[in-house]
Amino acid sequence: MENFSNRLISWQRHYGRHDLPWQQPDAYRVWLSEIMLQQTQVVTVIPYFQKFIACFPTVQDLAGAAEADVMALWAGLGYYARARHLLAAARQVVTIYAGVFPKDPDVLVQLPGIGRSTAGAIAALAYGVRAPILDGNVRRVLIRHQALRMSGRELAEQKQLWALADALTPSKDVAIYTQAMMDLGALVCQRKQPDCSICPIAGDCQSRQRGITDLLPLPANKPVVQRKNLWLVVLMAGDRVWLERRPSRGIWAGLWCFPVCDALPDATQITQLAGGVVVDISTGSAFRHALTHRDLHITPVMVKLSGVSVQTSGWIRLSAVIAQGVPVPVKRIVEEYLHVD
DNA sequence: AATGCGGGGGT
DNA sequence: ACCCCAGCATT
């Protein structure tokens with residue numbers, strides 16, 4: 001039997017993915033896609049990637065962009081610190097590295113938003129530099145292949161997996177190998193119902209030999225998620241609504257949002273928020289917005305106003321709200337209650 | 001070493 | 001309603 005990497009490389013040439021929009025020898029596209037793919041699946045990323053490439057074809061274009069435009073394009077993708085780091089990194093690549101992404105993963109990792117795995121992916125995929133990666137797919141493949149009884153989330157476990165990933169990474173054809181590990185995890189060694197019959201490394205897969213593939217990786221300790229009620233206050237004046245920028249830290253940082261209250265605001269509070277005359281208040285039906293660390297129950301509060309000076313900068317035309325860059329719950333309220341897309 | 005950060009899919 | 005997934009930065 002050929003060694004681990006050769007079987008994967010051969011498999012990748014025949015059965016791997018070759019038509020993903022970022023699969024060109026272009027470090028900018030590889031970098032952009034890898035940032036978007038952090039904690040995010042390929043199907044979700046593709047439309048965002050296409051939009052970004054259309055607006056910013058090169059790293060220079062991105063570096064010259066206004067942060068507000070980048071946030072607006074990123075809106076809906078989540079983990080918004082990624083977007084701010086993306087812009088900061090683009091600017092550093094242009095100013096420090098003359099617009100050329102470094103090849104050395106130890107240098108790449110110093111750029112904002114690039115950790116060890118992303119640095120390895122860029123170095124390997126864009127430049128063929130031998131560097132290991134350890135994303136969710138690779139973690140699952142390694143844990144199963146070696147029958148490691150672990151979740152892979154603990155620090156010591158990650159250390160062991162990194163060492164393993166490093167040891168298995170070949171020096172030849174490293175780009176194909178890296179794509180193979182990603183594709184195998186996505187297409188064959190899926191979390192549920194892996195298809196071992198078509199797996200190129202099933203022959204020496206330890207979990208398969210023991211019949212425990214479905215049990216690995218072990219479930220992680222799940223943190224308690226606290227439930228929180230929020231009220232999003234939709235202040236309406238004519239064809240405009242009031243949006244304010246979220247603080248630069250915390251949830252939805254830097255995005256435009258309806259005012260957030262932790263309790264149903266009474267008429268007095270609403271008047272303070274609004275600075276006009278309240279004509280009508282009604283509450284919509286609550287909906288759930290689940291995050292990893294919070295379980296938000298959100299109730300829209302619709303407030304019709306008169307006598308407000310709409311010239312102030314926070315009053316946004318209804319038709320322009322989505323393009324402004326808003327979190328998903330805001331988009332949802334706009335689409336559900338204000339009939340605009 | 002622990003915590004915070006979005007959104008989506010399946011059942 | 002519940003389950004699950006997926007990297008980096010900050011402190």
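These numbers come from the heavy atoms of this one structure, side chains and all, not from hydrogens, waters or symmetry mates.
- Nucleic acid contact for A/R84: none, since no nucleic acid atom lies under 4.0 Å from a heavy atom of the residue.
- A/P112 comes within 4.0 angstrom of sugar-phosphate atoms only, judged by non-hydrogen atoms across all strands, and of no base.
- By the ring-ring contact (aromatic ring centres under 6.0 Å, His included) test, A/W22 pairs with A/F49, sequence neighbours left out.
- Side-chain N/O atoms of A/R82 and A/T40 include a donor and acceptor closer than 3.5 Å.
- Atom NZ of A/K222 and atom C1' of C/dC4 are 9 Å apart (whole Å).
- A/R332 comes within 4.0 angstrom of nothing in the nucleic acid, heavy atoms only.
- The separation between A/Q193 atom CD and B/dG10 atom C1' is 12 Å, rounded to whole Å.
- Listed by chain and residue number, nothing satisfies the salt bridge (charged side-chain N to carboxylate O under 4.0 Å, His left out) test with A/R149 (two or more places apart in sequence, or in another chain).
- Distances shown here put every side-chain N or O of A/R139 at or beyond 4.0 Å from the OP1 or OP2 atom of C/dC5.
- Listed candidates were B/dC5, B/dG7, B/dT11. Nearest to the side chain of A/K192 is B/dT11.
- Within a 6.0 Å radius of NZ in A/K172, no more than 12 heavy atoms belonging to other residues, nucleotides or ligands are found.
- Side-chain proximity of A/V328 to the nucleotides C/dC3, C/dC5, B/dG7 is greatest for B/dG7.
- Sequence order on DNA chain B of the closest nucleotides to A/Q41 and A/G78 puts A/G78 first from the 5' end.
- Regarding contacts with the backbone of B/dG7, every side-chain N or O of A/T44 stays at 4.0 angstrom or more from both OP1 and OP2.
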What side-chain donor-acceptor pairs closer than 3.5 Å can you find for residues 61-72 of chain A, not counting sequence neighbours?
{"residue": "A/D61", "atom": "OD2", "partner": "A/T58", "partner atom": "N", "Å": "3.1"}
{"residue": "A/D61", "atom": "OD2", "partner": "A/T58", "partner atom": "OG1", "Å": "2.9"}

Please list, one pair per line, the donor and acceptor atoms closer than 3.5 Å that link side chains of residues 225-234 of chain A to other protein atoms, with sequence neighbours excluded.
{"residue": "A/R227", "atom": "NH1", "partner": "A/H297", "partner atom": "NE2", "Å": "3.2"}
{"residue": "A/R227", "atom": "NH2", "partner": "A/N229", "partner atom": "OD1", "Å": "3.2"}

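- The nearest whole Å value for the distance from the CH2 atom in A/W74 to the P atom in B/dC5 is 17 Å.
- A salt bridge links A/R130 to A/D166: at least one charged side-chain nitrogen sits closer than 4.0 Å to a carboxylate oxygen.
- Not a single donor-acceptor pair under 3.5 Å links the side chain of A/Q190 to the backbone N or O of A/G185.
- Scanning residues 288-295 of chain A for heavy-atom distances under 4.0 Å to DNA chain C yields A/R288, A/T292.
- Following rounding to the nearest Å, A/D135 (CG) and C/dC8 (P) show an atom-to-atom distance of 9 Å.
- Residue-level contact check: A/L134 touches neither bases nor backbone, having no heavy atom under 4.0 Å from any strand.
- For A/Y79, the listed nucleotide lying nearest its side chain is B/dC5; candidates were B/dG7, B/dC5, B/dA1.
- The nearest whole Å value for the distance from the CD1 atom in A/I46 to the C1' atom in B/dG7 is 17 Å.
- Helical stems involving DNA chain B, defined as 3 or more consecutive Watson-Crick or G-U pairs under 3.5 Å, span B:1-5 with C:7-11, B:7-11 with C:1-5.
- Nucleic acid contact class of A/R191 (heavy atoms, under 4.0 Å, all strands): sugar-phosphate only.
- A straight line from OH of A/Y80 to P of C/dG7 spans 18 Å, rounded to a whole angstrom.
- Residue A/T40 is in base contact, counting any heavy-atom pair closer than 4.0 Å across all strands shown.
- Between A/L155 atom CG and B/dA2 atom P the separation is 8 Å, expressed in whole Å.
- At whole-Å resolution of the value, CZ in A/R82 and P in B/dG7 are 10 Å apart.
- Across all strands shown, A/Q38 has heavy atoms under 4.0 Å from sugar-phosphate atoms exclusively, and none from any base.
- Listed nucleotides B/dG7, C/dC5, B/dC5 differ in distance to A/W252; the shortest reach to its side chain belongs to B/dG7.
- Under the 3.5 Å distance criterion, the side-chain polar atoms of A/Q160 are left unmatched by any main-chain donor or acceptor of A/A156.
- Results of the ring-ring contact (aromatic ring centres under 6.0 Å, His included) test with A/W31 over A/Y97, A/F52, A/F101 single out A/F101 as the only residue that passes.
- A/Q50 places no side-chain N or O within 3.5 Å of a backbone atom of A/I46 that could act as its donor or acceptor partner.
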